[in-house]
Enquirer: 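I'd like to ask some things about the structure below.
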Protein chains: 2
Amino acid sequence: MSMLKIGQLAKSTNVAVATLRYYEAQKLLQRPARAANGYRLYPQETLTQVRFIKRAQALGFSLQEIRELLFLKVEATRHSCHEVKQVAEDKLSNVRERILELQSIESALATLANKCCGGPEMAAGCSILRELDEGAIK
Amino acid sequence: MSMLKIGQLAKSTNVAVATLRYYEAQKLLQRPARAANGYRLYPQETLTQVRFIKRAQALGFSLQEIRELLFLKVEATRHSCHEVKQVAEDKLSNVRERILELQSIESALATLANKCCGGPEMAAGCSILRELDEGAIK
DNA sequence: CTTGACCCTAATGTTAACTTTAGGGTTTAT
DNA sequence: ATAAACCCTAAAGTTAACATTAGGGTCAAG
Ligand SMILES: [Zn+2]
Ligand SMILES: [Zn+2]
Ligand SMILES: [Zn+2]
Ligand SMILES: [Zn+2]
């Protein structure tokens with residue numbers, strides 16, 4: 001139960017087999033040991049590593065950024081806490097900016113939707129369309 | 001100063017000329033009038049349209065979604081006010097979903113960043129890396 | 001009248017993050 | 001012993017959203 005074949009790793013991380021091989025090619029995962037037959041044999045640790053990748057991805061990191069995080073981690077003894085925190089904070093302010101922009105579009109759309117009667121008549125005179133014409137959404 | 005050539009439109013919207021032609025091919029922009037020499041001639045209105053595209057894009061909308069928004073007017077004669085309003089409301093709830101997702105990412109990142117001392121010492125024990133490893137974050 | 005900045009179309013190239021395909025070996029279960 | 005299920009590599013395909021290139025007109029300035 002110690003070493004995992006790629007299919008088992010795939011199943012327990014919910015990541016496609018081809019994706020795991022892709023991550024390896026992209027150096028997001030170390031090249032695993034091989035059995036006599038050539039099959040990849042992953043240590044349990046790899047489960048954590050794959051989950052790290054998925055989690056970071058869910059937080060909006062690109063594979064490139066994740067690679068940088070993993071590099072910092074592997075080379076932890078040569079990089080400062082500050083460097084790592086900086087990566088996280090850059091991402092955080094990026095996310096906050098996008099939230100603000102989305103909120104501004106939200107209110108624009110809400111305003112539009114509120115002005116429309118939503119009735120069954122043809123939309124020729126629909127207020128939404130009129131507003132779009134006049135550049136209410138910009 | 002009424003009609004714009006593609007280069008002027010490109011410059012004042014900060015979008016590449018090739019991109020404008022691409023948008024046209026993708027039906028995000030109406031096919032503009034042409035001068036006798038074949039040059040595209042855009043009305044001022046197009047400035048607003050291009051900026052709308054760029055802004056919506058920065059908010060994470062795909063060109064496909066943007067196309068739907070921009071097509072509301074064109075579809076007006078074939079659809080009821082109700083249908084048009086429905087499209088707007090779908091977009092609105094889409095935007096609200098995105099906001100919620102981003103907010104959950106925001107708090108996860110903020111939690112991470114807060115736990116890290118950000119000091120100059122080596123990142124061997126950095127809490128960000130530890131948390132990503134341990135899955136303490138969602 | 002020539003140079004350089006623009007414009008045109010059509011086609012091909014690019015990047016990210018995968019997925020699919022082609023062509024074979026290997027394991028497992030019946 | 002044979003079929004289903006798994007594994008391998010190398011390469012090509014996919015999607016989005018452009019960018020670049022090739023080949024060729026157009027226009028203002030000097
Ligand atoms: Zn109405
Ligand atoms: Zn309406
Ligand atoms: Zn620290
Ligand atoms: Zn730290």
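Reminder, nothing fancy here: chain letters follow the sequence lines and each chain counts from 1.
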Enquirer: Establish, with yes or no, whether the OP1 or OP2 oxygen of C:dA17 is under 4.0 angstrom from a side-chain nitrogen or oxygen of A:R67.
Expert: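 Answer no for this pair, as no side-chain N or O of A:R67 is under 4.0 Å from OP1 or OP2.
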Enquirer: Of all the choices, C:dC18, C:dC8, C:dT20, which nucleotide is nearest to the side chain of A:A18 once you look at every atom?
Expert: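 So the side chain of A:A18 is nearest to C:dT20.
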Enquirer: Rounded to the Å, how far apart are A:E65 CD and C:dA16 C1'?
Expert: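 Computing the A:E65:CD to C:dA16:C1' distance gives 12 Å.
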Enquirer: Given 3.5 Å as the limit, does a donor-acceptor pair link the side chain of B:E131 with the main chain of B:I128, or not?
Expert: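 Between the backbone of B:I128 and the side chain of B:E131 there is no qualifying donor-acceptor contact (under 3.5 Å).
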Enquirer: For the pair made of CD1 in A:I53 and C1' in C:dA16, what is the distance, rounded to whole Å?
Expert: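 So the two atoms are 15 Å apart, to the nearest Å.
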Enquirer: Closer than 4.0 Å, any side-chain N/O of A:Q8 to the OP1 or OP2 of D:dC7?
Expert: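 So the side-chain polar atoms of A:Q8 never come under 4.0 Å of the phosphate oxygens OP1 or OP2 of D:dC7.
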Enquirer: Send over the distance from B:L20 CG to C:dT9 P, rounded to a whole Å.
Expert: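 Checked: the CG to P distance equals 13 Å.
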Enquirer: Measuring from the side chain of A:Y39 (C-beta onward, heavy atoms only), which nucleotide among D:dA17, C:dC7, D:dC8 has the closest atom?
Expert: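 Per side-chain heavy atoms of A:Y39, the pick is D:dC8.
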Enquirer: Scan B:R21 against the nucleic acid and name what it touches under 4.0 Å (heavy atoms): base, sugar-phosphate only, or nothing.
Expert: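 Contact class for B:R21: base.
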Enquirer: How long is the line joining CD1 of B:I6 and P of C:dA5, in whole Å?
Expert: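 Spelled out: CD1 on B:I6 to P on C:dA5 is 19 Å.
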Enquirer: Could you check whether B:Q26 gets within reach of a base, just the sugar-phosphate, or nothing at all, counting any heavy atom under 4.0 Å?
Expert: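 Result for B:Q26 = nothing.
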Enquirer: How many Å lie between CE on B:M3 and P on C:dC7, as a whole number?
Expert: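 In whole Å, C:dC7 P lies 15 Å from B:M3 CE.
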Enquirer: Rounded off to whole Å, could you give me the CG-to-P distance for the B:L9 and C:dC6 pair?
Expert: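 Nearest whole value for this atom pair: 15 Å.
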Enquirer: Tell me whether A:E101 is salt-bridged to B:R55, with the criterion being a basic N under 4.0 Å from an acidic carboxylate O.
Expert: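 Answer for the salt bridge query: no.
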Enquirer: Can you check whether B:Q64 has a side-chain N or O nearer than 4.0 Å to OP1 or OP2 of D:dA17?
Expert: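 For D:dA17, neither OP1 nor OP2 has a side-chain N or O of B:Q64 closer than 4.0 Å.
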Enquirer: Whole angstroms only, please: what is the CG-C1' distance between A:L4 and D:dC6?
Expert: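 Distance, rounded to whole Å: 15 Å.
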Enquirer: Closest heavy-atom contact between B:P32 and B:L41?
Expert: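 That closest heavy-atom pairing would be CB-O, 3.7 Å.
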Enquirer: Looking only at side-chain N and O atoms, does A:R40 come under 4.0 Å of OP1 or OP2 in D:dC8?
Expert: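 It does, given that an N or O in the side chain of A:R40 lies less than 4.0 Å from OP1 or OP2 of D:dC8.
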Enquirer: Within this structure, what is the CG-to-C1' distance between B:L28 and D:dC18, rounded to whole angstrom?
Expert: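 Result: 12 Å.
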Enquirer: Side chains of A:R98 and A:N94: do they bring a donor and an acceptor to under 3.5 Å?
Expert: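 Per modelled atom types, A:R98 and A:N94 side chains form no pair under 3.5 Å.
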Enquirer: Out of C:dT9, D:dC8, C:dC18, which nucleotide sits closest to the side chain of A:K54?
Expert: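 Nearest to the side chain of A:K54 among the choices is C:dC18.
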Enquirer: It should be established whether A:T19 places a side-chain nitrogen or oxygen under 4.0 Å from OP1 or OP2 of nucleotide C:dT19.
Expert: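 For A:T19, the contact criterion (side-chain N or O under 4.0 Å from OP1 or OP2 of C:dT19) is met.
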Enquirer: Name the closest nucleotide to the B:L63 side chain, picking from D:dA17, D:dC8, C:dT9.
Expert: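 The nucleotide sitting nearest to the side chain is D:dA17.
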Enquirer: State which of D:dC18, C:dC7, C:dT9 makes the closest approach to the side chain of B:R34.
Expert: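 Of the options given, the side chain of B:R34 lies nearest C:dT9.
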Enquirer: Looking at side-chain heavy atoms only, is the closest gap between B:L92 and A:L112 below 4.5 Å?
Expert: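 In short, these two side chains do not touch, never coming nearer than 4.5 Å.
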Enquirer: Please tell me which of A:Y22 and B:N37 maps to the more 5' nucleotide of DNA chain C, matching each residue to the nucleotide holding its nearest heavy atom.
Expert: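 Its nearest nucleotide lies further toward 5', so the answer is B:N37.
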Enquirer: Measure from the side chain of A:K5, starting at C-beta and using heavy atoms only, and say which of D:dC7, D:dA17, D:dC8 lies closest.
Expert: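 Ranking D:dC7, D:dA17, D:dC8 by closest atom to the A:K5 side chain puts D:dC7 first.
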Enquirer: Quick one: label B:A35 by what it contacts on the DNA or RNA (base, sugar-phosphate, nothing), any heavy atom closer than 4.0 Å.
Expert: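 No contact.
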Enquirer: Given 3.5 Å as the limit, does a donor-acceptor pair link the side chain of A:Q8 with the main chain of A:K5, or not?
Expert: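 Indeed, once roles are kept as given, a pair shorter than 3.5 Å links the two residues.
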